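The next block holds one structure in the form of structure tokens; read it before the comments.
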Amino acid sequence: MKSLLSMKGITKRYPGVVALNQVDLELKSGEVLALVGENGAGKSTLIKTLCGVIRKDEGSISIEGQEVQIQGPLDAQKAGIRAVQQHFSLIPTMSVAENLFFSDLPLKKGRILDRKKMNEEAKELLGSLGFGDLDPTQLVSDISVANAQRVEVAKAIRFTPKILILDEPSAVLPENDVETLFEIIRKLKADGVGVIYISHHMDEVFEIADTITVLKDGEKVIDIDDVNSVNQFDLVQYMVGRELKQIYPPVYTDIGETILKVEGLTTSRVKNISFELHEGEVLGFAGLVGSGRTEICRALFGLDKILSGKITLRGKPYLPKCTKDAIQAGLGFVTEDRHYDGLILDDSVERNIGFVGLNKLIRRTVISKKKSREAADRFVGDLKIATPGIEQEVVNLSGGNQQKVVLAKWLFIEPKIILFDEGTRGIDVNAKHEIYQLIHQLVENGHSIIMVSSELPEVMQMSNRIMVMYEGELVSEFAHEGATEEAIMEKASGI
Amino acid sequence: GCQEEQTPPPSDSGESSSESTPDSVGDATGTGVSGHKVGFIQLTLGTTYHAAMSEKFEALSKEKGVDVSMTVSQNRSAEEQLKLAEDLIAQGVEAIVLNPVGDEIVPSVVQLCENAKIPLICVDNTTAGSGYTYVGIDNFAIARGIGQYIGEKYNGGNMVYVRSTPTDTGCPALRFGGIMGGMSDQGEMARFPLIDERYAPTDVGENDGMNQMEELLAANSQIDVVLVHHDAQALGALTAINNAGRKDIKVISGFDGEKAFFEKMKENEGGKNGPDLVTGLNSPIMIAEMTMDVLDDIFSGKEVESEYLIPVIIVNYENVDEYMDYGF
Amino acid sequence: MKKTIDWKKLLVKNSKYILLVVMVIVSALVSDKFFTSTNISNLFKQNAAVGIVALGELVVILTGGIDLSVGAIVSMTTVIVSLMLKAGMPIPIAIGVTLIVGLLAGFVNGILITRFKIIPFIATLATLNVFNGVGLLLSTGRQVFYKNETFLKIGSISYWFLPLMAVIWLVIAIIVNHILERTKAGRHLKGFGGNKEAVRLSGVNVNRVELSAYIVSGFLCAIGGVLMASRLTLGSNSVGNGWELTAIASVVIGGASMTGGVGGVGGVIVGTLVMGLIGNIMNLLKVSIYWQQIIKGIIILIAVYGSSVRKKESSK
Amino acid sequence: MKKTIDWKKLLVKNSKYILLVVMVIVSALVSDKFFTSTNISNLFKQNAAVGIVALGELVVILTGGIDLSVGAIVSMTTVIVSLMLKAGMPIPIAIGVTLIVGLLAGFVNGILITRFKIIPFIATLATLNVFNGVGLLLSTGRQVFYKNETFLKIGSISYWFLPLMAVIWLVIAIIVNHILERTKAGRHLKGFGGNKEAVRLSGVNVNRVELSAYIVSGFLCAIGGVLMASRLTLGSNSVGNGWELTAIASVVIGGASMTGGVGGVGGVIVGTLVMGLIGNIMNLLKVSIYWQQIIKGIIILIAVYGSSVRKKESSK
Ligand SMILES: Nc1ncnc2c1ncn2[C@@H]1O[C@H](COP(=O)(O)OP(=O)(O)OP(=O)(O)O)[C@@H](O)[C@H]1O
Ligand SMILES: Nc1ncnc2c1ncn2[C@@H]1O[C@H](COP(=O)(O)OP(=O)(O)OP(=O)(O)O)[C@@H](O)[C@H]1O
Ligand SMILES: [Mg+2]
Ligand SMILES: [Mg+2]
């Protein structure tokens, strides 16, 4: 296999941060390279320099032996590079089809937009990728996050690129679509496309990658030329810098009284949901995208209107009308989209952490700067949030560290029940490990957790019981011991 | 009234005579205008001067049974007035009264009225011209009167100018020129050196007048004469002078004849309790009355002149009681 | 999921058309003069120039920007074209140069925004002052009279009830619509307002897209200026006063989103007519001028209610 | 990770202070009268009311909104307080009622925005007309003169070079700053501008947060109106004309982001003084009156350049 891409000595500095320091990367055609590393290791930054999204400070990039100057996205596209970025990059006000074809719209007579042709081609393209259920004329703002991610994938591979970059595509893709994606990658591989695949899921890495490059703190740790020469634990050790044998803590089994009882909960999106949550319990919710797991959390948190049903909290009726009711009742909600409703991105780490628990920072009607700083420092330490300081704006943190800030802000008010909606999305193995430990500690201290996750291993390993949802209804319940991935998937698919 | 800059000097400078006097106001006979549809386009909203004119005209219309449509150009723009004129004509008015934003709008409206074969009366903010009847004032003559008053009464001193707009044309030029002319009738201008001036950035009301005067007071330690473009501005200037506790200012001249200015005039007693105040009468009430008379004549089939000017009246402490009722 | 017709949504979505129809009906009931050819002709003539300016504003608002300098460009260009005609220049040259000035004015706005990264609101607020100043400087604060019978025709000819100005408005509307909906440039522009970063990643020169929106706006303002100079038979610094607000209101009444990406030419035309009719109808009804202000505000509220309620925060 | 001082960034960040200092130095060099107590006193007196209004505008802009009705509320409230004084009401009642009217005006804006979901730009553009209309109606289109020596004191007393109005401005600035920076309500408000959804999720009634911003703005406008009525010795419909633009420019020059979440009281005060000095300095320099407009525009551009360049498109 010949060398397709060679990045040499890539350096990128931000005020106060060296995001990349002399990083090299080699990719051959027909090869899938997994780029792994902790949150903030510089993975996204590295591929952004390649895509022309940001400019590197130093270093050179060659494609097929030729040095190329990548000043902007157009240069990257001309060089045959296509990418699915870590963050949403579609135009919400336009249709799926138009998003797919945006960079070269089909024109009639060379000038006039040919909508009919565009929609037909889009339908065909989506169909060929196994996304035939997507309507190309729908506005992107009207489709779910997962479907938007499928559109992004389709958009990136519409022209067979020379180099395809996927930055954590599975973070918002449901399991079965990840399989579809792997099918697509294998096909592209056979056509000689080089793929850079970024993921925090070790199993995915071992399933799809040929080689691995590990980054840590903006520097390259190692190139692993043969994925089979290492195992998961070795890889994690490279990433984290220390040994990490057991990712999941044992399930805590000292379950207490019923704290939350839901009977026949119905909203516009879910029907007749009934379950109980106990003190010290982790209750998992599995299901496909759109199965309504998020909606249960939203209803419990006073965000969606409850049409019927009864909720009992600590033996008393509980009917949250707004988020304040929920918080006062002792609930916390780590939501699935930290940018949408998790963080005030332009505000500091400190102020984000203190935001829900402002009452705890108040001394004589005034917010105490000292208390605020102390709280932030404590969580930055406890959760190992990688930031140059608590004054840093969260927008400048890596995705995983942003997620930790969201966690911190909820943990600060010490909620009795924490709703965890995809709470580890985009978080690296080490951070996940830490968060799992934290969850363990929380349940040990009598907190209860509702854990919604699209990562089956995670729900299975962490939960005392697993509820499975299908199209807005609870279809099955598994005990921790009796659950298998196959069985859960079967129920989740409505079989 | 004249609040916009554009008014070219009249060909016959200075002593244009007044065809009509206050005494003649209201004594036109006949009910010629009664029952007719008339459209009125006012220049602007929110100023006492224009409100008084519109109100008087509306009241007179009611009295005389005129079917009047009162409109106003809210943005003080030429195209808005043109639009209003077109709308009024489409509505079938039989005459239009226009207080123009400037001379610029007049020719277009003249054209419209000629096409529709209806008479046009332009009031206040322009000068006589062809195709319409002008009812208003002679800026230059009134300003001369003010200048004469100051020139006669005071020996001289530092003069500052609280101008309206930045431009040196039209109405501001007429008023300034008139005052200068009036002063120099008494000898050479050198007696009243113009030492400083400010213009009003936003409007010509009390707020700008006050700000302008405050700056002038801060910059000049001895001021004797203050020329102001409007009474409203002069009221602001007077407040600034009082607040600053300055005793050097001998006289402030305004223009228009606002009641509030008349009252201050009486309070100050011609210089005893503060600066002597003087103004030239530009009564919107007279203009409204005269306009109604002209309309009456027109609809009675009488010949009308091309210009009706209200008399030149300079109001000061001596005669202010006489003209109180023409204040607005 | 079954599709049912959501009447309420449909009503809200089309509220601008409904409002326009209601206003027309009210006007017609109140005055038998409303449906005369003169009156209809007036309506189009009076709103053509501001309607053209509103189309430029639409293009800017689609990018998520705003152009407060439109009125100032209109008045400056009325002065410029009139000065040139007064100096005896041939009409094509006078118009040509004026349109170039409009382009340049838009270019200045665009450069301040794209190159110097000044927010559109403030950049165009500043240039509003600059362009007004230039107009004053050139005209030395006076209106500029010119004598040119041919030029006057532009603003005054009518074909039955259709004034030439309205035809020009319509033609420009069709062109702008075509560009926005059917060309690459137009799609890039609308996309830019929807998600700038996504458009940039698609390899589009986003600065050029944004810059061109302001240039289009400046250009259309210059056309508005030429038309107004002809209609008024002179150039004046007071023309165009407050047009920025009328234009923005027309665009928003027309259903555009001020955050960009959403909006169309048809809506803007309706918005312009609604704004134009407000004054007309109240004068027909002989509403007191003080009440007119209040009612105008209320009609604007009714017009935008529904038409452009705030974009639902999308889940992205 | 080493930290280096980024001089350029520091310079850009503080450009508003630098500009103010430069303007003061230029003024002082040009005129020996600049540093007289009268002139300094004038500067504060003339800008106090608009400065207070700008603080209200800041609160609104922090939510990502805009309040175009501030000038209209100021003029309406000058009329209302003057009418009450004229009718012989005691000062506390006259002021009290006026402040309540201001609160209500803000409440109307807020309800239109939070309850009827009309975008702030259009909602307040519409109420601008409504409030102007109400002021005109109440005053029958004229200035309202009153006689009340005690009330007049508010706008005219000075302690050496510090006018009472400036003291009031300062006190309000301190209070607003305290609320914004040190209280829960202030955090919620700034947070709202940063990410409304995140704030909602934090157990905050976001509609109430947004509503209260407009109420604060209306209230501060009423204070501005009371001060202006005292300063001018009358109520007038023309006071406050165009203050919305001055206030917004002051806020942005002060470094606030028009998309919300970013900005502070100190910056707004500097912004107000910069805007106030522009005219002052040009008069001192005896700049030709036509050029003043142009230069004003350019100074605004310089003032915002850097101070509030567009927020970097975050990697959302
Ligand atoms: N615009 C920016 N300003 C300042 N620092 C930044 C900026 N963008 C990224 N960084 C920093 O650069 C480092 C690398 O970030 P990057 O997003 O590349 O991490 P990553 O490996 O992709 O992490 P994750 O797995 O969480 O996505 C982080 O420390 C981050 O805080
Ligand atoms: N923005 C939206 N517009 C319309 N429908 C939506 C939107 N977002 C979600 N839905 C619909 O709501 C239902 C449930 O949404 P959601 O995707 O959050 O479910 P979920 O079970 O929580 O899935 P996951 O958390 O795995 O993404 C689905 O029918 C989905 O299509
Ligand atoms: Mg990343
Ligand atoms: Mg979900």
Side-chain angles (χ1 to χ4, degrees), chain A residues 13-18 44 48 53-54 85-89 217-218 298 301-303 322-328 331 333-335 337-347 351-352 354-359 361-362 365-369 386 388-389 393-396 399 406 409-410 413, chain D residues 1-10 12-13 61-64 174-175 177-209 255-264 308-316:
Chain A
R13 297 179 201 91
Y14 287 112
V17 184
V18 182
S44 298
K48 278 187 197 160
V53 178
I54 56 174
Q85 300 291 341
Q86 188 171 8
H87 296 298
F88 179 80
S89 52
D217 294 338
R298 287 179 62 89
F301 209 66
L303 282 161
C322 60
T323 53
K324 194 174 176 185
D325 293 349
I327 290 170
Q328 275 172 353
L331 270 69
F333 187 10
V334 179
T335 52
D337 185 343
R338 55 183 171 260
H339 285 182
Y340 174 59
D341 55 12
L343 294 167
I344 300 165
L345 283 172
D346 291 317
D347 219 339
R351 287 164 74 112
N352 269 286
F355 201 82
V356 194
L358 284 175
N359 282 336
L361 301 176
I362 284 178
T365 75
V366 167
I367 294 168
S368 155
K369 281 187 186 153
E393 290 166 1
V394 287
V395 69
N396 293 333
V406 181
K409 107 175 172 177
W410 289 108
I413 61 163
Chain D
M1 289 185 235
K2 249 188 295 175
K3 274 197 186 178
T4 56
I5 300 174
D6 188 338
W7 284 105
K8 197 181 150 198
K9 204 176 154 189
L10 210 71
V12 164
K13 212 182 148 189
I61 285 179
L62 280 176
T63 69
I174 290 170
I175 294 172
N177 184 59
H178 175 84
I179 292 173
L180 286 181
E181 302 302 326
R182 302 301 299 276
T183 71
K184 232 168 82 175
R187 280 289 180 89
H188 289 166
L189 195 112
K190 282 187 116 171
F192 180 96
N195 185 347
K196 181 176 165 178
E197 287 307 313
V199 174
R200 187 206 304 281
L201 217 56
S202 306
V204 178
N205 184 336
V206 284
N207 278 352
R208 198 150 62 197
V209 171
S257 152
M258 283 188 74
T259 53
V262 178
S308 175
V309 295
R310 295 210 270 179
K311 245 201 302 192
K312 254 199 336 267
E313 272 73 31
S314 61
S315 53
K316 271 170 261 192

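Given the structure is predicted, the values throughout are model-derived calculations rather than measurements. Chain A is the first sequence line, chain B the second, and so forth, proteins listed ahead of strands; every chain is numbered from 1.
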Side chain to side chain contact (heavy atoms under 4.5 Å, CB included) assessment of D:Thr183 paired with A:Leu358 | CA-CA 9 Å; D:Thr183 71; A:Leu358 284 175; over 6 Å; no
Among A:Lys324, A:Gln86, A:Arg13, which residue forms the greatest number of heavy-atom pairs with chain D at distances under 4.5 Å?
-> A:Lys324
Should A:Asp347 and D:Lys190 be marked as a side chain to side chain contact (heavy atoms under 4.5 Å, CB included) after you check the CA-CA gap, both sets of side-chain angles, and the distance that decides it?
-> CA-CA 9 Å; A:Asp347 219 339; D:Lys190 282 187 116 171; 5.5 Å; no
Identify the heavy atoms of D:Asn195 and A:His339 that sit nearest to each other, and give their distance.
-> ND2-O, 3.2 Å
What distance separates D:Lys196 NZ from A:Tyr340 OH, expressed to the nearest 0.5 Å?
-> 9.0 Å
Check for a donor-acceptor pair, side chain of A:Asp341 on one end and backbone N or O of D:Leu201 on the other, with a separation under 3.5 Å.
-> no
A:Ile367 backbone acceptor or donor facing D:Arg182 side chain under 3.5 Å = yes
Cut-off 4.5 Å, heavy atoms of chain A, and the answer for D:His188 is both
Does the side chain of A:Lys409 come within less than 4.5 Å of D:Ser202's, by heavy atoms?
-> yes
Where on A:Leu343 is there a heavy atom nearer than 4.5 Å to chain D: the side chain, the backbone, both, or neither?
-> backbone
Using a distance-only test with no angle check, is there a side-chain donor-acceptor pair under 3.5 angstrom linking D:Lys184 and A:Asn359?
-> yes
Between A:Thr323 and D:Gly203 the two heavy atoms that sit nearest each other are OG1-CA, 3.0 Å
Could you tell me which portion of A:Thr335 (side chain, backbone, both or neither) has an atom closer than 4.5 angstrom to a non-hydrogen atom of chain D?
-> side chain
